[in-house]
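I'd like to ask some things about the structure below.
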Amino acid sequence: MATEFHLPDIGEGLTEAVIVEWHVAVGETVSMDAPLVEVETDKAVVDIPSPVAGVLLHQGGAEGDTIEVEALLAVVGEAGETWTPRSAAPAGEVASAAAAPIVGSIDHSVEVVTTPAERVRLLPMLRRLADELGVDVERIAGTGPGGRITEDDIRNAVATSDMGPVRRERMSAVRRTIARRLAQSWREIPHVTVYDEADAAAVLAERASLGKPPLEALLVTRLLPLLVEYPEFNATLQGDEIVHKLHYDIGIAVDTPEGLMVTVVRDAGERGVAELSSEISRLAAAARNRTATPDELRGQTFTISNIGAVGGRYGTPIIPLGTTAILSVGRAVPRPVVREGEIVVATEMPLSLSYDHRVIDGGTGRAFLGALVRAFEAPATA
């Protein structure tokens, strides 16, 4: 008997995935738990195994296609077996082209939008895209089956306002995920960003004495005591409750070819500088070569973004969903400063702290940033 296998939710907040490569062609045999298809989803490329052994009877999409969670991904059955989609029309009954599913059975998730001329069908993922691009779907004539609006229709509606040559490039699944989450964070969280500078001499001296480990490892050790002292910065807002997290999983932003990713150092408070350095380096490499697991890319309680590594100084970092703050650390460069009434040259490290104003007041935000400056400037302890 054929087994219908639907795309599972293999990552927090996953709504869709792009099929990268089928490891098994239709008509070929596959073993239980053997790699069936490779998909790109939620900041990672993942192999999905076959849930049963048998012959692949149906592929839910071609390589490069995007399918939604719970959409039909594959059908595995016995040799010689045939499979008919449940939504196929009975003999003698003509199926409406407009009602035909794009992939598997997705009629339950299709939104019907009324226009003056006709009724068109629009997937929720395309509704979100149209909202993000500012496109009025009621003014678009769909080119898909039965007049369905497609992604190209929405993007073409934006391109019509361009007066010169353009080059269009489809966003990768990773880029779409980043864009969706940043937009949601910016919409839902009232951001406040405050700035200061810390004398980097102590941190840089410690780093040099230890053989130049990742700067983030040293910053984490100096940050952790402050997250205990200021618990609002290691928290999340759930409804009318502020949930103070009593564990310290520190997110480290990593610049990768696919975009900015945040890797998560679990139980950072239990690790010394050497162990933090090793884990930060391992996670950064995994993020860049796309081998990081979903659990290594989610669940941070506070985030550090070292924009100085790419030459940046100040910024307005966007708070990751599920947290209340993020610290951006800029490039430390020699600058003239006033110390005890004298102008001297010091290596100043720019700090940009964004926090959720629903949870953290301005006074608390400034106090925390001031404490960070003092902690970063303090000499290393034995």
Side-chain angles (χ1 to χ4, degrees), residues 1-79 81-87 101-110 123-126 128 151 170-181 254 256-259 261-264 282-283 285-299:
M1 180 177 178
T3 298
E4 297 182 1
F5 181 40
H6 296 253
L7 178 66
D9 182 352
I10 53 178
E12 186 180 75
L14 174 66
T15 60
E16 62 187 27
V18 176
I19 296 175
V20 177
E21 179 183 4
W22 284 97
H23 298 304
V24 181
V26 172
E28 292 183 343
T29 59
V30 61
S31 303
M32 179 183 294
D33 295 329
L36 179 64
V37 61
E38 184 181 70
V39 300
E40 182 182 29
T41 180
D42 200 17
K43 301 185 180 181
V45 175
V46 181
D47 269 331
I48 297 181
S50 175
V52 295
V55 174
L56 183 62
L57 303 179
H58 174 75
Q59 295 176 342
E63 294 175 358
D65 285 353
T66 300
I67 65 174
E68 293 191 316
V69 169
E70 300 303 332
L72 184 65
L73 179 62
V75 179
V76 179
E78 300 178 359
E81 184 178 1
T82 59
W83 173 81
T84 302
R86 297 178 184 178
S87 58
I102 296 175
V103 178
S105 178
I106 60 173
D107 278 1
H108 66 280
S109 65
V110 172
L123 292 173
M125 58 180 283
L126 297 183
R128 291 194 299 271
E151 180 176 348
R170 180 179 173 83
M171 294 172 68
S172 68
V174 172
R175 190 77 256 170
R176 292 199 302 273
T177 298
I178 293 172
R180 183 173 64 248
R181 290 184 174 177
V254 180
T256 78
E258 295 295 326
M261 298 186 184
V262 177
T263 60
V264 182
R282 182 190 71 81
L283 290 170
R288 292 188 179 105
N289 61 30
R290 306 297 303 278
T291 60
T293 67
D295 282 344
E296 292 172 335
L297 298 170
R298 64 188 179 192

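All values reported here derive from a predicted model rather than from experimental measurement.
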Nearest atoms (heavy-atom pairs only) where Val254 meets Ala287 = CG1-CB, 4.3 Å

Please walk me through it: do Arg181 and Val262 pass side chain to side chain contact (heavy atoms under 4.5 Å, CB included)?
-> CA-CA 12 Å; Arg181 290 184 174 177; Val262 177; over 6 Å; no

Throw together a table of side-chain donor-acceptor distances under 3.5 angstrom for residues 19-27, partners on residues two or more places apart or in other chains.
unit_1 : atom_1 : unit_2 : atom_2 : d
Trp22  : NE1    : Gly61  : O      : 2.8
His23  : NE2    : Asp47  : OD1    : 2.7

Which residues share a side chain to side chain contact (heavy atoms under 4.5 Å, CB included) with Val75, sequence neighbours left out =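 By the side chain to side chain contact (heavy atoms under 4.5 Å, CB included) rule, Val75 matches Ala2, Glu4, Leu57, His58, Leu72, Trp83.
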
How long is the span from the CD atom in Glu40 to the OG1 atom in Thr177, to the nearest 0.5 Å?
->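 Spacing of CD (Glu40) from OG1 (Thr177) equals 8.5 Å.
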
What residues, two or more places apart in sequence or in another chain, satisfy salt bridge (Lys or Arg N to Asp or Glu O under 4.0 Å) together with Glu296?
-> Arg282

Using the test side chain to side chain contact (heavy atoms under 4.5 Å, CB included), find all partners of Thr29 that sit at least two apart in sequence or belong to another chain.
-> Val55

Closest heavy-atom pair and its distance - Ile48, Pro8 = CD1-CD, 4.3 Å

Can Thr291 and Asn289 be counted as having a side-chain donor-acceptor contact under 3.5 angstrom?
-> yes

Any side-chain heavy atom of Glu151 within less than 4.5 Å of one from Thr66?
->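 Contact flag for Glu151/Thr66 side chains = no.
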
Quick one: salt bridge (Lys or Arg N to Asp or Glu O under 4.0 Å) partners of Asp33, sequence neighbours excluded?
-> none

Asp65 and Gln59: CA distance, side-chain angles, deciding distance, side chain to side chain contact (heavy atoms under 4.5 Å, CB included) verdict | CA-CA 11 Å; Asp65 285 353; Gln59 295 176 342; over 6 Å; no

About how many Å separate OG1 of Thr3 and CE of Met32, when rounded to the nearest 0.5 Å?
->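 Going from the CE atom of Met32 to the OG1 atom of Thr3 covers 9.0 Å.
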
Mind checking what makes side chain to side chain donor-acceptor pair (under 3.5 Å) contact with Ser31, not counting sequence neighbours?
-> none

With a 4.5 Å heavy-atom cut-off, do Arg170 and Arg176 have their side chains touching?
->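 In contact.
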
From Arg288 atom CZ to Leu283 atom CG, the distance as rounded to the nearest 0.5 Å = 11.0 Å

Nearest heavy-atom neighbours spanning Ala17 and Leu7 | CB-CD2, 3.9 Å

Give, for atom CE of Met261 and atom CD1 of Ile178, the distance between the pair rounded to the nearest 0.5 Å.
-> 6.0 Å

Report the C-alpha distance between Ile67 and Val39 in whole Å, list the side-chain angles of each, state the deciding distance to 0.1 Å, and finish with yes or no for side chain to side chain contact (heavy atoms under 4.5 Å, CB included).
-> CA-CA 10 Å; Ile67 65 174; Val39 300; over 6 Å; no

